[in-house]
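Every chain is numbered from 1, with letters handed out A, B, ... down the list of sequences.
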Amino acid sequence: MEEKQQPNIPEIFLSPYNPVNHENSLYKMWEDSGYFNPDKCVEDGIADRDAETFSIVLPPPNVTGILHMGHAAMLAVEDILVRYNRMQGKRTLWIPGTDSAAIATQSKVEKLVSKEEKKSRHDLGREEFLKRVDVFVEDSKATIVNQIKKMGSSLDWSRYAFTLDDQRYKAVMTAFVNMYNDQLIYRADRIVNWDPKGQTTISDDEIVHEERQGKLYTFKYNKEFPITIATTRPETKVGDTAVAVNPDDKRYQKYIGQTFDFVFCDVPVSVTVVADTEVDPEFGTGAVGVTPAHSKIDWDIADRSNIIRRPQVINEYAKMTVAGRLNNLKVEAARAEVVKWLEEEGLLEKIEDTIQNIATAERTGGIVEPLPKLQWWIDVNKKFTLKHSEITGIESGSEVTLKELMIKAVENGDTDIFPERFKRVYFNWIENLNDWCISRQIWYGHRIPAWYKDGETKVQIQSPGADWEQESDTLDTWFSSGLWTFSTLGWPEQTDDLKTYHPTTVLETGYDIIFFWVARMILMSTYHLGQVPFKNVYLHGLVRDEKGKKMSKSIGNVIDPLNMIEKFGADATRLSLIVGAAPGNDVPLSEDKIRAYKKFANKVWNISRFILTSIDDADWRQTPELTKRDNEILTDLRKNILEVTEDIERFSLYLGAEKAYHYVWHELADKVLEESKDILNGDNMSEKYARQYVLKECLVASLKTLHPFMPFVTETIWQELPKELKDHDILMVAKWPIGE
RNA sequence: GACCGAUUAGCUCAGCUGGUAGAGCGCUACAUUGACAUUGUAGAGGUCACAAGUUCAAGUCUUGUAUCGGUCACCA
C-alpha cells in the first residue's frame with residue numbers, strides 16, 4: 001500500500017469549528033483594521049473616493065438594557081446589508097448609538113436610589129438626581145455595546161452617538177427652537193393622557209387599549225332632574241358641567257338650554273343641557289353627562305357648546321380633590337362610594353355588565369387618567385413655508401403642513417416601505433393623526449428650552465438671564481429620536497458626513513414602532529432638512545418562540561442571544577434569525593433551529609478543509625483546460641451568486657441566505673465534492689488540475705457570498721487561505737463575486 | 001366598528017410579474033467512521049380553507065364565505 005502524502009493542512013482544521021475560539025479575536029481584528037469606518041476604506045482604496053454610498057443608522061438600543069433576540073435579529077439584518085455593500089465597494093457607513101430611554105432609565109435609577117439610600121428623587125433634587133443617572137448610564141453603557149459587538153456587527157464605533165450627548169443635545173435644542181419659531185410648536189391647555197403611575201403625560205401612541213369587564217350605571221343626578229344618564233365612571237360625575245343630548249332627540253329637546261343646580265354626593269354641581277350631534281340617541285339613555293376636565297370628548301363638547309371646562313375633580317395621583325365624603329379617595333374607591341350613595345338616595349336605576357376599553361400607559365401599565373394640563377404640542381396641520389425641499393413634488397418655499405410632508409414622502413416613492421402593505425398602515429395612521437404632545441414631566445431627558453419670567457415666555461437655547469426660570473418639563477424621547485438620522489451625522493452643522501450619507505439608504509426596524517419612530521423621523525427630516533430620512537424602510541418581524549408566542553420572562557420562553565452565541569456561535573444565531581424571516585413576518589425561533597445552523601458552519605469548515613487539502617499541490621500559474629462538466633459547475637456557481645446578489649438587493653435576505661446555504665451544502669458539498677474525489681485521485685493531471693481550479697473558484701466565491709450571513713466562520717477560513725487565492729487579506733473587505 | 005394579514009406535506013414556512021406544487025425539520029429504509037462529535041442515497045406524505053368568476057390555463061388574478069391573528073378607534 002502506498003502511503004498517501006499527508007497534505008499540508010493548517011492545524012486548526014483538525015478539529016471541528018468551534019466559534020468561541022475565534023469570534024472575539026476576529027472582531028478585534030476587524031475593528032483594529034479600521035474598515036468599519038468608510039473613510040479608512042477610501043484611504044486604502046477599498047472603496048473609491050466617489051463610490052456610491054450606503055448608510056444605515058442603528059436603531060439605538062436602550063443604553064441601560066441588555067441584548068435580546070429582537071436586537072439580535074435587527075443586528076443580523078443590518079450587518080448583512082452593510083457587509084454586502086461594503087464588499088460591493090460602496091462607501092458604507094453603519095452608525096452605532098444608544099438611547100437614553102428616558103422614563104425607563106429614570107425609574108430604574110429611582111428604584112436604585114430608593115433601595116440603597118432610602119431616598120426619592122425629590123429628596124435628592126433635580127441636579128443631584130441627574131448626576132446619579134449619568135453615572136448609572138455611563139456604567140451600563142459598556143454592557144450593551146459589548147453585546148452588540150458579540151453579534152459581529154460591523155459598526156463604525158468612531159461615530160458612536162448617545163441620544164443625550166452634547167452633539168445630540170444641540171440638535172434637539174435647535175430643532176425645538178426652529179419649530180417654535182415656525183409656530184409648529186405651541187403651548188396649550190387641554191386634556192392630556194396622564195399616567196398616574198409614571199407621573200407624566202404621554203402621547204396617544206403610548207397608550208395601549210385594554211378590554212376589561214366594567215359596569216354601566218344608569219341613574220339620575222337627583223330626584224328632580226328630568227333626564228336619566230348612564231356612565232361607567234360615576235365618580236367623575238361630581239365634575240359634570242353639562243348633559244349633552246342629540247339636537248334631534250324629541251325626548252329632550254325641551255330641556256336644551258336649561259341649567260340645573262344640585263348637590264351630588266356632597267358636591268355642589270351645576271349642569272346645563274346642551275345639544276351635540278355627536279351624541280347617539282340610540283345608546284344608553286341618549287343623554288351623556290359631560291365631564292370636560294376628565295374626558296377628551298367631553299372637553300370638545302364643552303368647547304363646542306361654550307360650557308365651562310372645569311372643575312377638575314381628580315388630581316395627578318388619581319385621587320378625588322372634591323370636598324365631602326369623596327375627598328382624597330382613589331378613583332376606584334370613589335366610584336364605589338358614589339354608587340353606594342346613589343343606591344341610598346334611590347337614584348340608581350340599573351347596573352349592567354359591559355366591556356369597556358381602558359387606556360393604559362404602555363410603559364408603566366398604569367390606567368391613564370385624562371386631565372387638563374398646560375403642555376407643549378406639535379401642530380401637524382398648520383401651514384408653514386418649507387424653505388428648502390429636495391422632496392419630489394414639493395417645491396422649495398411652498399406652503400405645506402407636517403402631515404402633508406409625511407404623506408408626500410412616502411406617496412412619491414422618495415421613501416419606500418417593505419413590505420409594501422405597511423404603506424397603507426402608515427397612511428392610515430397619518431390621516432387620523434392629532435397634534436403630538438411632546439412635553440413630559442420627568443427629569444431625565446432634554447429639558448425644553450423655554451424660559452419664563454413674569455408671565456413672559458422666551459424660547460431659545462441659552463438662558464436669557466439669571467432671573468429667568470427654565471421650563472421644568474423634558475421632551476418626549478421620540479422627539480429626539482425623530483432627528484436620529486441626521487443628528488448622528490452632525491446636524492445642525494453642515495458636516496461632510498451629513499452631505500455624504502443623508503438621506504440614509506435604509507432604515508431597518510420592527511414594524512411595531514412604525515408610528516413611534518418611522519413616521520416621526522420622516523416628519524423631522526422633511527421639515528428640518530427638506531429631505532427624507534431614508535430611501536428605504538425595511539420592517540422586520542418580531543422574534544417569537546417556536547410556537548409563535550411572544551417571548552417573555554413570565555412565560556419563561558425567552559431565548560437569550562448571548563447564551564446562544566456562547567453555545568452555537570454568532571454565525572448560527574444570525575442565520576437562525578434570517579432564514580424564514582420574511583420582512584414584516586414574525587420569526588419563530590427555537591434552539592434546534594440555531595443548532596442546525598451551527599452544523600452548517602461546521603459543514604462550511606469541512607468543505608474548506610477538503611478543498612484546501614485537495615488543491616494543496618496545485619500550481620496556479622498554469623491555464624486550466626476545463627471540461628464540459630467543469631464549466632457547468634462554474635455556471636451553477638455564478639448562477640447562485642447572481643441569485644443571492646439579487647435577493648440581497650431587494651432585501652429578501654431570507655431567500656438569499658437560504659439559497660447560499662442550499663448551494664453550498666447540497667450542490668457544492670453533496671454533488672461537486674463527491675464527484676471530484678475520483679478526479680482528484682486519478683491519473684489525468686490536466687483533468688485534475690482543471691478540477692482543482694474549479695474547486696478553488698467555488699471555495700473563494702462561496703466564502704464571499706456566505707460572508708455577510710456568517711462572517712466569523714468565513715473569515716476564520718479566509719485567514720487560512722493561501723495568499724495567492726485572495727484579493728484582500730481580510731474577507732470583510734474582499735470584492736463581492738460577480739454572478740451571471 | 002374600521003383597516004390589514006394569514007389559511008399550501010405531521011410541524012415551520014417558500015412559491016416574484018398565472019402554465020397542473022417546493023424547502024427545512026420530522027418520519028421510513030439502506031449505506032457510510034480517510035472532508036463532516038457524522039454525513040449521504042432513496043422513499044412515504046398535499047383535492048394549495050371553501051364557493052363562484054376571468055382565462056386555453058389559477059396556490060398564483062377578481063368577488064364572496066368561513067376560521068385564526070394583528071393594528072387602529074372617544075360610543076358615554
Check: protein-nucleotides 7-10 of chain B nitrogen or oxygen pairs below 3.5 Å:
none

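- Residues A/Val339 and A/Lys215 are not in side-chain contact: their nearest non-hydrogen atoms beyond the backbone lie 4.5 Å or more apart.
- At a non-hydrogen distance threshold of 4.0 Å, nothing from residues 239-249 of chain A comes into contact with RNA chain B.
- Across B/A58 and B/A52, the matching P atoms stand 13 Å from one another, rounded to whole Å.
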Practice task
Could you summarise the pairing of RNA chain B as dot-bracket text, marking Watson-Crick and G-U pairs under 3.5 Å with ( ) or [ ] inside the strand and | across strands?
Solution key: (((((((..((((........)))).(((((.......))))).....(((((.......))))))))))))....

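- Here, B/U7 and B/A51 have their C1' atoms 15 Å apart, quoted to the whole Å.
- Note on A/Tyr654: every side-chain N or O is 4.0 Å or more away from OP1 and OP2 of B/C16.
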Tabulated below should be each protein N or O lying under 3.5 Å from an N or O of nucleotides 22-31 of chain B; please produce it.
{"residue": "B/A23", "atom": "O2'", "partner": "A/Glu658", "partner atom": "OE2", "Å": "3.4"}

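- Remark: A/Arg424 is in phosphate contact with B/C4, judged by side-chain N or O atoms under 4.0 Å from OP1 or OP2.
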Handout entry: Footprint string (nucleotides 71-76 of chain B, 5' to 3'): B base within contact, S backbone only, - free, heavy atoms under 4.0 Å
Key = S-BBBB

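- B/U71 and B/U41 are spaced 49 Å apart, taking the C1' atom of each and rounding to whole Å.
- Both A/Lys603 and A/Asp670 lie close to RNA chain B; mapped to their nearest nucleotides by heavy-atom distance, the more 5′-ward contact belongs to A/Lys603.
- A salt bridge is absent between A/Arg309 and A/Asp298; no separation between the charged side-chain nitrogens and carboxylate oxygens falls under 4.0 Å.
- If you take atom C1' in B/G15 and the same atom in B/A42, they sit 25 Å apart, rounded to whole Å.
- Base orientation for B/G5: anti, the chi torsion being more than 90° from 0.
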Write out a two-atom table: protein N or O, nucleotide N or O from nucleotides 43-46 of chain B, distance below 3.5 Å.
none

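- Between the P atom of B/U39 and the CZ atom of A/Arg609 lies a distance of 15 Å, rounded to the nearest Å.
- When each of A/Lys677 and A/Leu655 is assigned the nucleotide of RNA chain B with its nearest heavy atom, A/Leu655 is the one assigned upstream, toward the 5' end.
- Note on A/Trp299: nothing from the nucleic acid sits closer than 4.0 angstrom, heavy atoms only.
- Ring planes of A/Trp478 and A/Trp517: tilted class, angle from 30 to 60°.
- In this entry the distance linking CD1 of A/Ile648 with P of B/C16 reads 20 Å, nearest Å.
- Checked by atom type, the side-chain pair A/Glu369/A/His294 shows no donor-acceptor distance below 3.5 Å.
- Ring geometry for A/Tyr661 against A/Trp665 counts as tilted: the plane angle lies between 30° and 60°, on a 0 to 90° scale.
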